[in-house]
Amino acid sequence: MPSGISSFFGLNTALRGLQASQVALDVTAHNIANADTAGYTRQAVELEQVVGLKVSAGARAGNGGALLGGGVDVTAYRRIRDAFADLQYRTQKSISSEADTTAQTLANVELVLNEPGDKGIATLLSRLWDAWQQVANQPEDTATKGALVVNAIALADGIRSLQAQLTAVKDNAAQELAAYTTAGGDILSNAAEIARLNAEIKRATAAGQQPNALLDQRDRLIDRLAELGHVTITELPNNSIQIAFGNVNPPLLVDDTTAWAPTPPDTSLYPTPAPGGIIGALQALSETGGTIDQYLADLDAFVNQLVTDVNAAYGGDFFDPAGTTAATIAVDAAIAADPSTVMTTAVAGSPPGANDIALAVAALRGGAADRQYAGLILRIGSEARDANRRQDAATAVLESAKARRDSVSGVSIDEEMANMIRFQRAYQASARTLSTLDDMLDTLINRTGRVGL
């Protein structure tokens, strides 16, 4: 044996192997236990050979020196994470969440529109033209005039109800947006939690520890922020980060251990361009001049056209001339109170049964007002279908990005079971080495020099 090497050196080498295998088995067990834990990142043991002993002479032929390996050391408990896969997933999560929110809200718009349907505006409008045609056929019949007024009132009520329901959809989107962006909302509360985790992670990293569980917690919060809007991550020393939200320049949402705390009442998180995600979708739907406001404007334009055309053909005020919006449309109060006052002719001294007014109003069927309302239905239906298409496409890409990230960071039970057997065999081999060395030392210490050996 080369000089300077203790007989117990091999024991220490085997012990290192035993301990490394034990640690690897512990980490494998930890991965298996968290296989179904949301946001968990699988871990792996980093092993490095030990340059254990410098032998100055006698280690090689010709009595040359050498560095004799001393076994293995555990150098790190590494999180298996791919930054590019995270970036892809979070970007697609923002796109998918925006598409989901838009599609769900436009589905609500289609629901309140109720087209085609027995209670939809198109049906009520058709019934109004039918009623005018009946009046043209029976201009002297009071019951027919009464039916006309009932249908006109039903149409006005339906339009006002549609306007109120569309406004409610818009208000709900605005309230949801406010819930996310106010001081107690998800964005700022998540930002504060990330800033707190940054502080803990920095302390642990500076102390030489590996705060894997804290890093997983922070990644889960970042994923949630990515669902709400686009996030940009900047790495800082000691595993800390900065986060910019929605492509916005300062203030940063999270700057190291500080979270953005706006001065009341400034809780705005509406950057330009739109931040994407749920926030971007809700903003586009509920803002002044946004998607639902445009629908309401189109509905108002239809009502204005309807009231103007009917009153012009009627030669007076069949609809209240002050009610030219969807929220104010109403049948003239005098006509509503007494349907018999409905005029059927504008020709002075005409004989009984004259129906030129009724015919003129009935002829408006298929005219400008009908086309405007049909255009509104077409627009809403087209945009809802497009939103559903984008939702399906975004969901498919998101699933692909998630599968790609999970293939790196997720726990595979099959892989962990294979690792368990591998580390078990390594443990057994190190234990066998330790036993063999122990037997050798026992022979050397207790039996050397005994007669008969």
- prompt: Are any of the side-chain heavy atoms of T232 and I243 separated by less than 4.5 Å?
  reply: no
task: Indicate yes or no: does R81 engage D219 in a salt bridge with an N to O separation below 4.0 Å.
output: yes
task: Verify the distance criterion only: is there a donor paired with an acceptor across the side chains of S240 and D256 at less than 3.5 Å?
output: yes
- prompt: Strictly by modelled atom types, are R404 and Q88 linked by a side-chain donor-acceptor pair under 3.5 Å?
  reply: yes
- prompt: Do L128 and L148 have side-chain heavy atoms sitting under 4.5 Å apart?
  reply: yes
- prompt: So, Y40 versus H30, ring centres under 6.0 angstrom or not?
  reply: yes
task: Would you tell me whether Q428 and R425 have side-chain atoms, one donor and one acceptor, within less than 3.5 Å of each other?
output: yes
task: Answer whether the closest heavy-atom distance between the side chains of L25 and V23 falls below 4.5 Å.
output: no
message: Regarding D216 and T41, do their side chains bring together a donor and an acceptor under 3.5 Å, going by distance alone?
response: yes
- request: Start with the C-alpha gap between K170 and D293, add the side-chain angles, then the distance that decides, and say whether salt bridge (Lys or Arg N to Asp or Glu O under 4.0 Å) holds.
  value: CA-CA 8 Å; K170 175 188 173 182; D293 260 6; 2.7 Å; yes
field: Neighbour count >12 (heavy atoms, 6.0 Å) for atom CD, Q49
entry: no
query: Side-chain donor-acceptor pair under 3.5 Å between Y373 and E115, yes or no?
result: yes
message: When you compare the side chains of D338 and S340, does any donor N or O come within less than 3.5 Å of an acceptor on the partner?
response: yes
query: Does D223 come within less than 4.0 Å of K93, counting only side-chain N to carboxylate O?
result: no
- prompt: Just checking, any donor-acceptor pair under 3.5 angstrom between side chains of D356 and T345?
  reply: yes
task: Not counting sequence neighbours, which residues clear salt bridge (charged side-chain N to carboxylate O under 4.0 Å, His left out) with D130? List them please.
output: R365
- request: Return yes if a side-chain donor-acceptor contact under 3.5 Å exists between Q22 and D26, otherwise no.
  value: yes
message: Quick check: do N388 and L106 have side-chain heavy atoms less than 4.5 Å from each other?
response: no
